[in-house]
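Everything on this sheet refers to the single structure shown next.
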Amino acid sequence: MAGQDLFKLLSENSYPGRGIVLGRSQDGRYAVAAYFIMGRSANSRNRVFTEHDGGIITEAADEAKMVDPSLIIYAPVRVLAERTIVTNGDQTDTIYDTMADGGSFSRALRTRTFEPDAPNYTPRISGYVKVFGGRMRVRMSVLKSDDGNPDSVERFFFEYPQLAPGAGRYLHTYQGDGNPLPSFFGEPEKVVLEGDIDSFTNRMWESLNSENKVSLFVRYIPLEGGEPETRILNKYQKKPRGKAPEKAQKRSELYPF
């Protein structure tokens, strides 16, 4: 099957930033959704993935060391009926709320832009996989600045209605390391998905740069019905909560669901 080696792409890029992989398992029986985060600063690395309400949220590994929760504390994965939504920011909530009200994926994201983190202007990457009647479809999007211009947003949408077994699409925020960080460009990369959930998860984790990787989420969703399987790997262990500092207490206001 045509497509790039996902694990090779990951291992050759020391800093792809945050990444989404959506596709169909090698045996054709599952829709696959994966999301990873990386970090260069202590604040970005001070995170873990935690399961929440069918999806996941990011949390501080050590709440006492969390400096600024904006842009790094959010719900990367939420589930709305047969759709599993995956993004790299709080646009997850925008997509979820818009779809819950009968709107579309593209309509939701036309209200959003790239992240306000000059000079990087990190792209907002988003996607969802829908499983229905033994079939699946994937949609993905990139919202990015026009070559670093903070006054110009570019919005791209991609749809993959019939993925073959082992076919996936990989979307990430940065082309690689740098200052400023070079934004992803082009369409989601066509990759081959290999193995069952455990081998796939372990190979993804091993392929991510050991210094910069932070957390990985992988979910296999049966096309013919049944409960999905989920794996979460965190580089750092969550410290037991004591008295939360004032900023950390605001997480409940950000995610009341």
Side-chain angles (χ1 to χ4, degrees), residues 6-7 9-21 33-52 55-77 86-93 114-127 142-145 148 170-184 189 201-219 230-241 244-245 247-248 250-251 254-255:
L6 172 64
F7 310 122
L9 287 175
L10 293 173
S11 64
E12 291 179 347
N13 187 346
S14 64
Y15 200 67
R18 288 164 274 173
I20 297 171
V21 177
Y35 179 65
F36 66 81
I37 58 174
M38 308 183 84
R40 297 191 302 178
S41 69
N43 196 48
S44 291
R45 291 176 177 177
N46 181 31
R47 289 185 287 173
V48 295
F49 285 166
T50 302
E51 290 192 80
H52 181 84
I56 59 171
I57 56 174
T58 60
E59 293 190 295
D62 185 345
E63 292 185 348
K65 294 181 180 179
M66 178 60 66
V67 177
D68 180 7
S70 65
L71 301 180
I72 64 172
I73 299 298
Y74 55 94
V77 179
V86 187
T87 91
N88 72 325
D90 64 10
Q91 72 268 27
T92 313
D93 301 339
F114 47 83
E115 295 184 357
D117 60 338
N120 298 314
Y121 300 114
T122 298
R124 290 192 186 271
I125 58 174
S126 308
V142 186
L143 312 180
K144 64 188 297 293
S145 70
Y170 167 44
L171 187 55
H172 47 102
T173 52
Y174 309 122
Q175 291 299 113
D177 211 339
N179 286 296
L181 287 158
S183 289
F184 177 89
E189 294 169 292
T201 301
N202 291 334
R203 290 192 68 187
M204 268 196 82
W205 186 248
E206 291 167 2
S207 300
L208 292 168
N209 181 271
S210 60
E211 181 178 355
N212 295 323
K213 66 184 177 184
V214 175
S215 296
L216 170 66
F217 161 91
V218 175
R219 177 166 290 172
T230 299
R231 303 289 185 268
I232 294 175
L233 296 178
N234 290 309
K235 183 175 181 180
Y236 306 102
Q237 187 173 0
K238 184 165 177 61
K239 188 174 181 179
R241 181 180 298 180
K247 285 186 179 178
K250 293 182 179 179
R251 183 175 62 82
L254 292 170
Y255 301 108

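In what follows, residues are counted from 1 in the order of the sequence shown.
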message = Among Thr173, Asp117, Asn88, exactly one meets side-chain hydrogen bond (donor to acceptor under 3.5 Å, both in side chains) together with Thr122. Which residue is that?
response = Asp117
request  = Determine, using ring centers only, whether Tyr121 and Phe114 are less than 6.0 Å apart.
outcome  = yes
ask   = Looking at CH2 of Trp205 and OG of Ser215, how far apart are the two atoms once the value is rounded to the nearest 0.5 Å?
value = 6.0 Å
Nearest-0.5 Å distance that lies between atom CG in Asn234 and atom OG1 in Thr50 = 6.5 Å
task = Flag the pair Leu216 / Ile232 as yes when at least one side-chain heavy-atom distance between them is below 4.5 Å, and no otherwise.
result = no
query = Looking at Val218 and Ala34, what are the two nearest heavy atoms and their distance?
reply = CG2-CB, 4.0 Å
query = Can you check whether Glu115 reaches Arg124 side chain to side chain, under 4.5 Å on heavy atoms?
reply = yes
key: Glu206 bridged to Lys213 by N-O distance under 4.0 Å   = no
message = Could you tell me if the side chain of Val214 sits less than 4.5 Å from the side chain of Lys235, heavy atoms only?
response = no
With a 3.5 Å cut-off and sequence neighbours excluded, list the donor-acceptor pairs that the side chains of residues 36-45 form with protein atoms.
{"residue": "Arg40", "atom": "NH1", "partner": "Asp177", "partner atom": "OD1", "Å": "2.6"}
{"residue": "Arg40", "atom": "NH1", "partner": "Gly178", "partner atom": "O", "Å": "3.1"}
{"residue": "Arg40", "atom": "NH2", "partner": "Asn179", "partner atom": "OD1", "Å": "3.4"}
{"residue": "Ser41", "atom": "OG", "partner": "Ser44", "partner atom": "N", "Å": "3.1"}
{"residue": "Ser41", "atom": "OG", "partner": "Ser44", "partner atom": "OG", "Å": "3.2"}
{"residue": "Asn43", "atom": "OD1", "partner": "Val67", "partner atom": "N", "Å": "3.0"}
{"residue": "Asn43", "atom": "ND2", "partner": "Asp68", "partner atom": "O", "Å": "3.1"}
{"residue": "Arg45", "atom": "NE", "partner": "Gly39", "partner atom": "O", "Å": "2.7"}
{"residue": "Arg45", "atom": "NH2", "partner": "Gly39", "partner atom": "O", "Å": "3.4"}
{"residue": "Arg45", "atom": "NH2", "partner": "Asn212", "partner atom": "OD1", "Å": "2.9"}

task = Would you give the length of the straight line joining atom CZ of Arg231 to atom CZ of Phe217, rounded to the nearest 0.5 angstrom?
result = 11.0 Å
Distance in Å, Ile20 CD1 paired with Tyr170 OH, rounded so as to fall on 0.5 Å steps = 10.5 Å
query = How long is the gap from CG on Asn202 to OG on Ser207, to the nearest 0.5 Å?
reply = 10.5 Å
request  = With rounding to the nearest 0.5 Å, note down the distance linking CG in Leu10 to CG in Asn209.
outcome  = 11.0 Å
inquiry  = Please tell me whether Thr87 and Ser126 have a donor and an acceptor in their side chains that are separated by less than 3.5 angstrom.
reply    = no
task = Give the ring-plane orientation class for Tyr35 versus Phe49, where under 30° counts as parallel, over 60° as perpendicular and anything between as tilted.
result = parallel
remark   = Taking every heavy atom of Pro76 against every heavy atom of Thr58, the minimum-distance pair comes out as CG-CG2, 3.8 Å
query = Got a salt bridge between Arg47 and Asp62, using NZ or NE/NH1/NH2 to carboxylate O under 4.0 Å?
reply = no
message = With a 4.5 Å cut-off on side-chain heavy atoms, are His172 and Arg18 touching?
response = no
task = Side-chain contact test, heavy atoms from C-beta onward, threshold under 4.5 Å: evaluate it for Ile125 versus Lys144 and give yes or no.
result = no
Sequence-distant partners of Tyr15, ring-ring contact (aromatic ring centres under 6.0 Å, His included), two or more places apart = Tyr174
key: Close side-chain approach of Leu171 to Val142, heavy-atom, < 4.5 Å   = yes
